[in-house]
Amino acid sequence: MDLNSAQRIAEAEAARTGLGTGPNRRLRLTLFIGMPMVFAVIGIMILVPDFLRKYVLYAYEAGIICCLLHYVWVFAKYPRYSGRPPYLTRDLAMGGGFFLPSLMLGFWPGIIAAPAWALFVGVTYAVQVMRGHDDHR
(Lines give C-alpha, C1' and ligand atoms only; values in the text may rest on other atoms or scores of the structure.)
Protein backbone atom coordinates (compact mmCIF):
# COMPACT_ATOMS: atom_id res chain seq x y z
CA MET A 1 0.00 0.00 0.00
CA ASP A 2 1.48 3.31 -1.04
CA LEU A 3 1.24 6.55 0.93
CA ASN A 4 -1.47 8.01 -1.29
CA SER A 5 -3.72 4.97 -0.77
CA ALA A 6 -3.17 5.03 2.98
CA GLN A 7 -4.02 8.74 3.10
CA ARG A 8 -7.19 8.17 1.07
CA ILE A 9 -8.28 5.36 3.41
CA ALA A 10 -7.65 7.58 6.44
CA GLU A 11 -9.68 10.42 4.88
CA ALA A 12 -12.54 8.05 4.07
CA GLU A 13 -12.61 6.78 7.65
CA ALA A 14 -12.58 10.35 8.99
CA ALA A 15 -15.47 11.21 6.67
CA ARG A 16 -17.47 8.18 7.75
CA THR A 17 -17.12 8.77 11.48
CA GLY A 18 -17.25 11.98 13.47
CA LEU A 19 -17.62 15.26 11.67
CA GLY A 20 -15.24 14.37 8.85
CA THR A 21 -13.20 16.93 6.94
CA GLY A 22 -13.73 19.54 4.25
CA PRO A 23 -17.18 19.70 2.65
CA ASN A 24 -18.41 16.75 4.73
CA ARG A 25 -17.68 18.68 7.91
CA ARG A 26 -19.36 21.82 6.63
CA LEU A 27 -22.53 19.97 5.64
CA ARG A 28 -22.72 18.04 8.90
CA LEU A 29 -22.23 21.19 10.97
CA THR A 30 -24.91 22.92 8.93
CA LEU A 31 -27.30 20.09 9.71
CA PHE A 32 -26.32 19.64 13.36
CA ILE A 33 -26.63 23.36 14.11
CA GLY A 34 -29.66 24.18 11.96
CA MET A 35 -31.98 21.33 12.89
CA PRO A 36 -31.88 21.45 16.72
CA MET A 37 -32.04 25.25 16.60
CA VAL A 38 -35.80 24.88 16.10
CA PHE A 39 -36.16 24.11 19.80
CA ALA A 40 -34.28 27.26 20.78
CA VAL A 41 -36.46 29.26 18.39
CA ILE A 42 -39.63 27.83 19.93
CA GLY A 43 -38.28 28.71 23.39
CA ILE A 44 -37.46 32.25 22.32
CA MET A 45 -40.88 32.63 20.73
CA ILE A 46 -42.47 31.68 24.06
CA LEU A 47 -40.40 34.26 25.93
CA VAL A 48 -40.64 37.28 23.63
CA PRO A 49 -43.68 39.55 23.36
CA ASP A 50 -46.32 38.71 20.76
CA PHE A 51 -45.32 41.43 18.32
CA LEU A 52 -41.72 40.05 18.11
CA ARG A 53 -42.61 36.38 17.54
CA LYS A 54 -43.07 36.71 13.81
CA TYR A 55 -39.61 38.29 13.47
CA VAL A 56 -37.98 35.44 15.39
CA LEU A 57 -39.78 33.02 13.10
CA TYR A 58 -38.70 34.95 9.99
CA ALA A 59 -35.08 34.86 11.16
CA TYR A 60 -35.17 31.08 11.60
CA GLU A 61 -36.89 30.59 8.26
CA ALA A 62 -34.15 32.65 6.63
CA GLY A 63 -31.66 30.38 8.39
CA ILE A 64 -33.31 27.27 6.93
CA ILE A 65 -33.15 28.81 3.47
CA CYS A 66 -29.45 29.62 3.96
CA CYS A 67 -28.75 26.06 5.11
CA LEU A 68 -30.46 24.61 2.05
CA LEU A 69 -28.58 27.05 -0.20
CA HIS A 70 -25.34 25.89 1.40
CA TYR A 71 -26.21 22.33 0.38
CA VAL A 72 -26.85 23.55 -3.18
CA TRP A 73 -23.51 25.37 -3.19
CA VAL A 74 -21.60 22.25 -2.12
CA PHE A 75 -23.47 20.19 -4.74
CA ALA A 76 -22.51 22.76 -7.39
CA LYS A 77 -18.85 22.39 -6.39
CA TYR A 78 -19.04 18.57 -6.60
CA PRO A 79 -21.70 17.79 -9.22
CA ARG A 80 -20.36 14.36 -10.21
CA TYR A 81 -20.28 11.43 -7.85
CA SER A 82 -16.82 10.38 -9.01
CA GLY A 83 -15.39 13.80 -8.12
CA ARG A 84 -16.83 13.91 -4.60
CA PRO A 85 -15.00 13.11 -1.39
CA PRO A 86 -16.11 9.86 0.27
CA TYR A 87 -19.59 9.95 1.84
CA LEU A 88 -20.39 13.41 0.46
CA THR A 89 -23.41 12.05 -1.43
CA ARG A 90 -24.85 10.77 1.84
CA ASP A 91 -24.20 14.11 3.53
CA LEU A 92 -25.81 15.98 0.65
CA ALA A 93 -28.92 13.83 0.90
CA MET A 94 -29.12 14.58 4.63
CA GLY A 95 -30.26 18.08 3.68
CA GLY A 96 -33.71 16.54 3.55
CA GLY A 97 -33.54 16.58 7.34
CA PHE A 98 -34.64 20.20 7.32
CA PHE A 99 -38.12 18.88 6.58
CA LEU A 100 -38.90 18.26 10.26
CA PRO A 101 -38.04 21.73 11.60
CA SER A 102 -39.92 23.25 8.68
CA LEU A 103 -42.91 21.06 9.44
CA MET A 104 -42.81 21.97 13.12
CA LEU A 105 -42.95 25.69 12.30
CA GLY A 106 -45.25 25.43 9.28
CA PHE A 107 -42.62 26.82 6.87
CA TRP A 108 -43.96 25.67 3.49
CA PRO A 109 -40.88 26.40 1.36
CA GLY A 110 -38.81 24.20 3.68
CA ILE A 111 -41.48 21.50 3.79
CA ILE A 112 -41.34 21.27 0.01
CA ALA A 113 -37.65 22.01 -0.66
CA ALA A 114 -36.02 19.71 1.90
CA PRO A 115 -37.47 16.38 0.70
CA ALA A 116 -37.23 17.55 -2.91
CA TRP A 117 -33.53 18.20 -2.32
CA ALA A 118 -32.93 14.70 -0.92
CA LEU A 119 -34.84 13.21 -3.85
CA PHE A 120 -32.82 15.30 -6.31
CA VAL A 121 -29.51 14.11 -4.86
CA GLY A 122 -30.70 10.49 -4.97
CA VAL A 123 -31.92 10.73 -8.55
CA THR A 124 -28.70 12.35 -9.78
CA TYR A 125 -26.70 9.59 -8.09
CA ALA A 126 -28.90 6.87 -9.61
CA VAL A 127 -28.65 8.40 -13.08
CA GLN A 128 -24.87 8.58 -12.89
CA VAL A 129 -24.62 4.98 -11.72
CA MET A 130 -26.99 3.75 -14.43
CA ARG A 131 -24.98 5.57 -17.07
CA GLY A 132 -21.85 3.87 -15.78
CA HIS A 133 -19.88 7.10 -15.24
CA ASP A 134 -18.67 6.27 -11.76
CA ASP A 135 -16.66 3.77 -9.80
CA HIS A 136 -19.39 3.02 -7.18
CA ARG A 137 -17.38 3.75 -4.06
Side-chain angles (χ1 to χ4, degrees):
M1 179 183 308
D2 62 355
L3 181 61
N4 195 14
S5 297
Q7 183 179 11
R8 182 129 174 107
I9 290 170
E11 288 174 0
E13 186 62 23
R16 189 179 67 80
T17 61
L19 286 178
T21 59
N24 296 74
R25 175 183 292 258
R26 289 193 307 269
L27 289 179
R28 290 175 190 174
L29 285 174
T30 300
L31 187 71
F32 296 155
I33 292 170
M35 280 185 60
M37 189 74 68
V38 70
F39 300 111
V41 168
I42 291 171
I44 292 170
M45 287 174 63
I46 290 170
L47 297 175
V48 299
D50 289 342
F51 70 94
L52 289 177
R53 287 183 183 160
K54 66 179 177 181
Y55 299 112
V56 173
L57 185 60
Y58 292 159
Y60 184 69
E61 289 171 352
I64 289 177
I65 292 170
C66 289
C67 289
L68 290 172
L69 288 175
H70 180 244
Y71 276 78
V72 171
W73 178 67
V74 170
F75 184 84
K77 285 183 71 174
Y78 301 98
R80 294 210 170 264
Y81 176 73
S82 59
R84 292 181 191 153
Y87 298 101
L88 186 61
T89 302
R90 178 192 68 182
D91 293 339
L92 283 167
M94 286 170 46
F98 285 103
F99 172 75
L100 289 176
S102 299
L103 185 64
M104 289 174 71
L105 296 174
F107 181 52
W108 285 103
I111 292 171
I112 295 167
W117 173 254
L119 185 63
F120 171 74
V121 170
V123 167
T124 57
Y125 169 74
V127 166
Q128 289 180 13
V129 168
M130 285 177 28
R131 287 186 177 176
H133 289 288
D134 299 309
D135 57 353
H136 310 297
R137 342 179 209 158

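Positions are given from 1 along the sequence.
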> How long is the gap from OG1 on Thr89 to CZ on Arg80, to the nearest 0.5 Å?
Replying inline: 12.5 Å
> Run the side chain to side chain contact (heavy atoms under 4.5 Å, CB included) check on Phe98 and Leu31 step by step: do they pass?
Replying inline: CA-CA 8 Å; Phe98 285 103; Leu31 187 71; 3.8 Å; yes
>> Test of understanding: clusters of I, L, V, M, F, W, Y form through side-chain heavy atoms closer than 4.5 Å, transitively. Do Ile112 and Met104 belong to the same one?
In response: no
> Are any side-chain N or O atoms of Asp91 and backbone N or O atoms of Arg28, one a donor and one an acceptor, separated by less than 3.5 Å?
Replying inline: no
Where [X] and [Y] come nearest, the two heavy atoms and their spacing:
X      : Y     : result
Ala114 : Gly95 : CB-O, 3.9 Å
Pro101 : Ile64 : CB-CD1, 4.5 Å
Pro86  : Asn24 : O-ND2, 3.1 Å

Validation: residues 66-79 side-chain donor-acceptor distances under 3.5 Å, sequence neighbours left out:
residue, atom, partner, partner atom, Å
His70, ND1, Thr30, OG1, 3.1
Tyr71, OH, Leu27, O, 3.0

> Which other residues belong to the hydrophobic cluster containing Leu100, where Ile, Leu, Val, Met, Phe, Trp and Tyr are joined when side-chain heavy atoms lie under 4.5 Å apart, directly or via other members?
Replying inline: Phe99, Leu103, Trp108, Ile111
Show me the donor-acceptor pairs within less than 3.5 Å that the side chains of residues 115-124 make with the rest of the protein, sequence neighbours left out.
residue, atom, partner, partner atom, Å
Trp117, NE1, Leu92, O, 2.9
Thr124, OG1, Phe120, O, 3.2
Thr124, OG1, Val121, O, 2.8

With a 3.5 Å cut-off and sequence neighbours excluded, list the donor-acceptor pairs that the side chains of residues 32-52 form with protein atoms.
residue, atom, partner, partner atom, Å
Asp50, OD1, Arg53, NH1, 2.8
Asp50, OD1, Arg53, NH2, 3.4

